[in-house]
Amino acid sequence: MQLLTLLGVAWGLGVAAILLLHRRALIALWREPVMRHPVLIVESDDWGVGPLEQAEALSAIVDCLARHHDRQGRSPVMTVALILALPEANSATRLRPLDSPEFAPILAALQAGIARGVLAPQLHGMTHFWPPALARAALAQPQVAAWLAAPSLTEQLPSPLQSRWTDASELPSLPLDDERVRAAVAEEVAAYTRLLGVPPQVVVPPTFVWTAAVESAWAAAGMRVLVTPGRRFTCRDGAGRPAGIDKTMRNGDRSHGGAVYLVRDDYFEPLLGHTPERALAALARKTELGRPCLLETHRNNFLAAAGGDLDQGLTALDDLYRLALAAYPDLRYLSCAELGLALNGNDPAWIERDRRRRFTIWLCRVAGLPRFGKAARLSGLLPLLNLFARPDRLHP
Ligand SMILES: [Zn+2]
């Protein structure tokens, strides 16, 4: 009897140590909102200025989206992160905005999709680069000078230069001056508002490199939602890779200025061989963990000028929505702006309030924590906690 008591005390102390060691992650996962329904949002970046075939591609995408409906009768929303200006030939700083006559068909197609409720515009950036950095790089790099002689697809610039919020004219990149950042953010928010008639609510930092200063400026300019990969890269390292992570975030966390973070870390790039089935597997994982599934994609999948294929892209998109709804009849479509507001307001229509359901999802989340999950399974803690979960949503 005494031995049993001793063993029990030892087990209790061991479990307490495991919980204490991982308390921060455990609490963060408990606080992270749990979605009541499966949520799927395809997030498409880099639209706006550039080749005119975007107009045809956007119209075809709009028709594709409008053919599908969730149980509420809502069509899927594809978010389009917009680039608002292209430089004039041989000048990185003189810009041609999206409302120049040459881009009129693209803007018209965008506005038609927005009016039908299936395209949700988001701010990507005034440009997909930091203009002074591009100007400096063009002096030293012939391929950048060649691009600048006839600017079109920013996808064709060297990857580090596609980061807008760091100076990657040399590597490792250098930080930008805070005052210039504030001015650039004010300028791009004003341009977006002029182009679309409403201020932007959601922003997607180009190449996911941005800083606390940029974030504060966006928040001050009224941005409500910030799309992230779950961590903030602040620069490019010596090899040109995104680096300098100074913050991590989960869905529903707030930025310094009060904007809501969303996490987008799944991908749907048909050009890279990503199939609808792969996207469906991502939706399954996210749903099991009570998280929305945000799939990152880019305009190049749909544009011949960028090596893409419109028909192939549309077929993949069509198959994705068809298969997703067949697998999840309770699937819901909405925009990132709406998702951000639901998370921010803890909206009971979208966010789970039932404590036992939340506890069950939390168990699935903590089971996936690499070291905690293993320790909790081996110690018997996880099997014990699973007794209190909802059996229909139990992690296998
Ligand atoms: Zn981009």
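Throughout, numbering of the chain's residues begins at 1 and tracks the sequence. Since we're looking at a predicted model, the values are computed, not measured. Each ligand, and each atom within it, is numbered from 1 in the order the structure gives.
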Any residue meeting ring-ring contact (aromatic ring centres under 6.0 Å, His included) with Y261, in chain and number order, not counting sequence neighbours:
none

Option among R299, H128, Q162 that satisfies the side-chain hydrogen bond (donor to acceptor under 3.5 Å, both in side chains) test with E155:
R299

Between E352 and I361, is any pair of side-chain heavy atoms under 4.5 Å apart?
no

Going by distance alone, is a donor N or O of one side chain under 3.5 Å from an acceptor N or O of the other, for E269 and H298?
yes

Mutual orientation of the aromatic rings belonging to Y321 and H68 [parallel < 30°, tilted 30-60°, perpendicular > 60°]
tilted

As a quick check of understanding, evaluate side-chain contact (heavy atoms from CB on, under 4.5 Å) for L341 and D347, giving each step before the final call.
CA-CA 8 Å; L341 287 181; D347 182 349; over 6 Å; no

Taking 2.8 Å as the upper limit, name the protein N, O or S atoms near the Zn ion (ligand 1).
D46 OD1, H124 NE2, H128 NE2

